[in-house]
Colleague: 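Sharing a structure below in structure tokens format, with a few things to ask.
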Amino acid sequence: MIDASRNLALELARVTEAAAIAAGRHQGRGDKHAVDHAAVEAMRTILPGIDADGVVVIGEGEKDDAPMLHNGERVGNGNPPLVDVAVDPVDGTRLTAEGQPGAMAVMALASRGSMLAPGRLVYMDKIAVGAEAKGSIDLDAPIADNLAGVARALDKEVADLTAIILDRPRNRPHIEAVRRAGARIRLIRDGDISAAIATAVADSGIDILLGIGGSPEAVTAACALHCLGGEMQVRLWPRDEAERRYADEAGLDLESIIGLRGLVDSDDVFFAATGVTTGELLDGVHYTADGAETHTVVMRSRTGTVRFIRATHRFGP
């Protein structure tokens with residue numbers, strides 16, 4: 001158990017703020033690898049000072065061919081507590097590179113050994129909702145049934161619900177099913193983590209997440225949903241026979257539904273995210289004559305604490 005008097009999410013905020021400030025310099029310049037590289041390098045300058053013994057379980061690079069904070073990398077100063085680390089230097093590198101909204105720098109910690117490591121299975125079929133709709137979803141049920149259940153839980157009509165879905169060819173069946181059911185849809189190009197969190201944030205306008213997206217993003221979003229009291233169910237989604245063989249060799253079940261506890265089995269979860277470009281959850285980085293202003297959310301599962309932090313950073317002397 002992590003010392004109850006410590007909120008490591010506040011330390012994580014220093015990391016995500018640095019990443020957001022560095023990545024934001026590349027907004028709209030069309031180079032997503034430059035966005036990622038800047039964020040990773042900024043994180044590396046701060047991570048050694050984090051008072052924890054961390055191992056990266058959810059890193060990046062395998063799916064996106066990006067500059068990596070790789071799986072298995074040790075982070076922190078080596079002191080207790082022992083923690084698993086999920087990190088996405090920029091959730092929405094393409095969004096940042098194209099000057100689109102909704103990108104953010106993300107990092108989460110949980111007790112050592114608690115995070116699911118999906119390895120080379122980089123996609124999952126997902127469904128997620130906030131606390132008010134918890135218990136109303138079933139990944140095995142038809143989408144229309146899930147929408148009806150969420151509508152009942154939220155005391156809404158199905159026509160009043162908004163589902164958020166990644167706009168990908170693989171998600172056409174999900175999109176068409178939502179349309180047939182009569183619910184509204186918010187299609188997004190990127191930003192799995194922010195999308196899942198939006199289901200559990202009041203006034204986001206998002207009621208349910210549906211569709212096939214990144215496995216690393218699912219585990220990272222699960223950290224936030226632990227803190228927010230939401231619910232997520234996923235199933236590993238292999239792209240081809242090679243990934244099916246890998247799953248068999250690695251002992252990963254392709255049929256079972258994985259719930260929030262299966263993704264992150266811990267009561268000590270810390271989450272931080274800083275906006276890179278302005279979205280529903282966070283404002284993006286604003287640069288001033290001598291520094292920058294950032295908008296960050298920090299969360300802790302044990303206490304249910306959620307803090308929004310607006311910080312002013314001065315550069316130079």
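The first residue of the sequence shown is numbered 1, and numbering continues consecutively from there.
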Colleague: Does Glu132 use its side chain to pair, donor to acceptor, with the backbone of Ala153 at less than 3.5 Å?
Modeller: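 Checked: no pair found.
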
Colleague: Applying a strict under-4.5 Å side-chain criterion to I, L, V, M, F, W and Y, I'd like to know whether Val158 and Leu209 cluster together.
Modeller: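 No: no chain of side-chain contacts under 4.5 Å links Val158 to Leu209.
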
Colleague: So how far is it from Thr220 OG1 to Leu225 CG, rounded to the nearest 0.5 Å?
Modeller: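 Going from OG1 on Thr220 over to CG on Leu225, the span is 11.0 Å.
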
Colleague: With no hydrogens and no angle check, is any side-chain donor or acceptor of Thr288 less than 3.5 Å from a backbone partner on Gly291?
Modeller: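 Yes.
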
Colleague: Decide yes or no for Thr296 and Leu282: does some side-chain heavy atom of the first lie under 4.5 Å from some side-chain heavy atom of the second?
Modeller: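 No, every pair of side-chain atoms sits at 4.5 Å or beyond.
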
Colleague: Got a second to check how far Leu47's CG is from Arg14's CZ, nearest 0.5 Å?
Modeller: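 These two atoms lie 9.5 Å from each other.
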
Colleague: Tell me, please, whether Tyr287 has Arg25 positioned over its six-membered ring: NZ or CZ under 6.0 Å from the ring centre and within 45 degrees of its axis?
Modeller: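 Judged by the rule (NZ or CZ under 6.0 Å from the ring centre, within 45° of its axis), Arg25 counts as positioned above Tyr287.
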
Colleague: Quick test of your reading of the model: are Lys126 and Asp192 salt-bridged, counting only N-O distances below 4.0 Å?
Modeller: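 Yes, Lys126 and Asp192 are salt-bridged.
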
Colleague: Give me each pair satisfying ring-ring contact (aromatic ring centres under 6.0 Å, His included) with a member in residues 290-317, each pair once, sequence neighbours excluded.
Modeller: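 Counting only pairs at least two positions apart or across chains, the ring-ring contact (aromatic ring centres under 6.0 Å, His included) contacts touching residues 290-317 are His295-Phe308.
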
Colleague: Do you know which two heavy atoms are closest between Ala19 and Pro89, and how far apart they sit?
Modeller: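 Between these two residues, the closest heavy atoms are CB-O, 4.1 Å.
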
Colleague: Look up atom OG1 in Thr16 and atom CD in Glu11, then write down how far apart they are to the nearest 0.5 Å.
Modeller: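 Atom-to-atom, Thr16:OG1 and Glu11:CD are 12.0 Å apart.
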
Colleague: Is there a donor-acceptor pair closer than 3.5 Å between any side-chain N or O of Asp88 and the backbone N or O of Ala105?
Modeller: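 No, Asp88 side chain to Ala105 backbone: no donor-acceptor pair under 3.5 Å.
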
Colleague: What are the two closest non-hydrogen atoms of Ala52 and Val83, and how far apart are they?
Modeller: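 Of all heavy-atom pairs spanning Ala52 and Val83, the closest is CB-CG2, 4.1 Å.
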
Colleague: Counting C-beta onward and ignoring hydrogens, is there a side-chain heavy-atom pair between Tyr123 and Arg170 closer than 4.5 Å?
Modeller: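 Yes, side chains in contact.
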
Colleague: Go through it in stages, so that I can follow the logic: the residues are Asp53 and Arg74, the test is side chain to side chain contact (heavy atoms under 4.5 Å, CB included), and I'd like the CA-CA distance, side-chain angles, deciding distance and then a yes or no.
Modeller: CA-CA 7 Å; Asp53 182 349; Arg74 302 298 289 262; 2.7 Å; yes

Colleague: Any side-chain heavy atom of Val15 within less than 4.5 Å of one from Arg44?
Modeller: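 No, side chains not in contact.
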
Colleague: Between atom CD1 of Ile127 and atom CG of Leu139, what is the distance when rounded to the nearest 0.5 Å?
Modeller: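 Here the rounded value is 6.5 Å.
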
Colleague: Please check if atom CG in Asp240 has more than 12 non-hydrogen atoms from other residues, nucleotides or ligands closer than 6.0 Å.
Modeller: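 Yes, the 6.0 Å shell around CG holds more than 12 heavy atoms from other groups.
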
Colleague: Judged by atom type as modelled, is there a donor-acceptor pair below 3.5 Å linking the side chain of Thr93 to the main-chain atoms of Val90?
Modeller: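 Answer holds: no.
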
Colleague: Any donor-acceptor pair under 3.5 Å linking the side chain of Asp84 with the backbone of Gly113?
Modeller: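 Checked: pair present.
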
Colleague: Could you tell me the separation between the CZ atom of Arg184 and the OG1 atom of Thr162, rounded to the nearest 0.5 Å?
Modeller: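 If we round to the nearest 0.5 Å, Arg184:CZ and Thr162:OG1 are 3.5 Å apart.
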
Colleague: Would you check if the side chain of Arg186 reaches a backbone N or O of Ile164 as a donor-acceptor pair within less than 3.5 Å?
Modeller: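 No.
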
Colleague: Which pairs of donor and acceptor atoms, one on a side chain in residues 195-202, lie under 3.5 Å apart (sequence neighbours left out)?
Modeller:
from	atom 1	to	atom 2	distance (Å)
Thr199	OG1	Ala196	O	2.6

Colleague: May I ask you to decide whether Glu98 forms a salt bridge with Arg189, counting only side-chain N to carboxylate O separations under 4.0 Å?
Modeller: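 Yes, this pair counts.
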
Colleague: CG of Asp203: more than 12 outside heavy atoms within 6.0 angstrom?
Modeller: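 It does not: Asp203 CG has 12 such atoms or fewer within range.
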
Colleague: For Arg261, what residues pass the salt bridge (Lys or Arg N to Asp or Glu O under 4.0 Å) criterion, not counting sequence neighbours?
Modeller: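 Listed in chain order: Asp265, Asp267.
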
Colleague: Stepwise, does the salt bridge (charged side-chain N to carboxylate O under 4.0 Å, His left out) test hold for Arg172 with Glu176?
Modeller: CA-CA 6 Å; Arg172 295 312 300 179; Glu176 293 306 320; 3.3 Å; yes

Colleague: Which atom names give the shortest non-hydrogen contact between Ser215 and Leu121, and what distance separates them?
Modeller: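 Heavy atoms of Ser215 and Leu121 come nearest at OG-O, 2.8 Å.
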
Colleague: In this structure, would Leu228 and Val129 fall into the same cluster of hydrophobic residues linked by side-chain contacts under 4.5 Å?
Modeller: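 Leu228 and Val129: separate clusters.
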
Colleague: Determine whether Asn77 and Ile50 make a side-chain contact, defined as any pair of heavy atoms from C-beta on separated by less than 4.5 Å.
Modeller: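 No, every pair of side-chain atoms sits at 4.5 Å or beyond.
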
Colleague: Count I, L, V, M, F, W, Y as connected when their side-chain heavy atoms are under 4.5 Å apart, and connections chain through other members. Are Ile206 and Ile143 then in the same cluster?
Modeller: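 Different clusters.
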
Colleague: How many angstroms lie between CG in Leu187 and CZ in Arg168, if you round to the nearest 0.5 Å?
Modeller: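 With rounding to 0.5 Å, CG (Leu187) is 10.5 Å from CZ (Arg168).
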
Colleague: For Glu255, enumerate each residue passing the salt bridge (Lys or Arg N to Asp or Glu O under 4.0 Å) test, keeping only those at least two apart in sequence or located in another chain.
Modeller: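 With neighbours one apart ignored, the set is empty.
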
Colleague: Going by the ring-ring contact (aromatic ring centres under 6.0 Å, His included) test, which pairs reach into residues 219-266, not counting sequence neighbours?
Modeller: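 Of all non-adjacent pairs touching residues 219-266, none passes ring-ring contact (aromatic ring centres under 6.0 Å, His included).
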
Colleague: Determine, stepwise, if the pair Arg302 / Cys227 fulfils side chain to side chain contact (heavy atoms under 4.5 Å, CB included).
Modeller: CA-CA 7 Å; Arg302 183 167 292 278; Cys227 301; over 6 Å; no

Colleague: Just wondering, do Leu95 and Pro101 contact through their side chains at under 4.5 Å, heavy atoms?
Modeller: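 When only atoms from C-beta onward are counted, Leu95 and Pro101 do not touch, as no gap falls below 4.5 Å.
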
Colleague: So with a 6.0 Å cut-off around CD of Glu293, is the heavy-atom count from everything else above 12?
Modeller: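 It does: Glu293 CD has more than 12 such atoms within range.
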
Colleague: State whether the side chain of Asp253 and the backbone N or O of Ser256 hold a donor-acceptor pair below 3.5 Å, judged by distance alone.
Modeller: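 Pair found, side chain donor or acceptor close to backbone of Ser256.
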
Colleague: If you group Ile, Leu, Val, Met, Phe, Trp and Tyr by side-chain heavy-atom gaps below 4.5 Å, do Met43 and Ile46 land in one group?
Modeller: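 Hydrophobic grouping puts Met43 with Ile46.
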
Colleague: Got a donor-acceptor contact below 3.5 angstrom from the Ser301 side chain to the Val269 backbone?
Modeller: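 Pair found, side chain donor or acceptor close to backbone of Val269.
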
Colleague: Which heavy-atom pair separates Val106 from Ala273 by the least distance, and what is that distance?
Modeller: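 Looking at all heavy atoms of both residues, the shortest contact is CG2-CB, 4.1 Å.
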
Colleague: List in chain and number order the residues that pass side-chain hydrogen bond (donor to acceptor under 3.5 Å, both in side chains) with Lys156, two or more places apart in sequence or in another chain; answer none if no residue qualifies.
Modeller: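 Lys156 satisfies side-chain hydrogen bond (donor to acceptor under 3.5 Å, both in side chains) with Asp207 only.
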
Colleague: Main chain of Gly284, side chain of Thr278: is a donor-acceptor contact present, judged purely on distance under 3.5 Å?
Modeller: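 Yes, the answer is positive, given that a donor and an acceptor are paired below the 3.5 Å cut-off.
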
Colleague: Are the side chain of Glu41 and the backbone of His37 linked by a donor-acceptor contact shorter than 3.5 Å?
Modeller: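 Absent.
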
Colleague: Please name the pair of heavy atoms, one in Gly191 and one in Ile188, separated by the smallest distance, quoted to 0.1 Å.
Modeller: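 Of all heavy-atom pairs spanning Gly191 and Ile188, the closest is O-CD1, 4.0 Å.
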
Colleague: Check step by step if side chain to side chain contact (heavy atoms under 4.5 Å, CB included) holds for Leu161 and Val150.
Modeller: CA-CA 8 Å; Leu161 297 180; Val150 171; 4.2 Å; yes

Colleague: Are Leu281 and Met104 close enough that some pair of their side-chain heavy atoms sits under 4.5 Å apart?
Modeller: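 Sidechains of Met104 and Leu281: in contact.
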
Colleague: Report whether Val178 and Leu154 are members of the same hydrophobic cluster (ILVMFWY, side-chain heavy atoms less than 4.5 Å apart, transitive linking).
Modeller: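 Yes, Val178 connects to Leu154 through the hydrophobic network.
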
Colleague: Hey, are Asp125 and Arg235 close enough for a salt bridge, meaning a charged N less than 4.0 Å from a carboxylate O?
Modeller: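 No, this pair does not count.
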
Colleague: How close do Ser111 and Ser114 get, heavy atom to heavy atom, and via which atoms?
Modeller: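 Looking at all heavy atoms of both residues, the shortest contact is O-OG, 2.6 Å.
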
Colleague: Answer yes or no: is there a side-chain heavy-atom contact under 4.5 Å between Thr303 and Arg300?
Modeller: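 Thr303 vs Arg300: side chains touch.
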
Colleague: Could you walk me through whether Ile257 and Val234 satisfy the side chain to side chain contact (heavy atoms under 4.5 Å, CB included) test, starting with their C-alpha distance in whole Å, then the side-chain angles of each, then the deciding distance to 0.1 Å, before giving a yes or no?
Modeller: CA-CA 6 Å; Ile257 293 175; Val234 304; over 6 Å; no

Colleague: So do Leu252 and Pro118 actually touch side chain to side chain, heavy atoms under 4.5 Å?
Modeller: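 In short, these two side chains do not touch, never coming nearer than 4.5 Å.
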
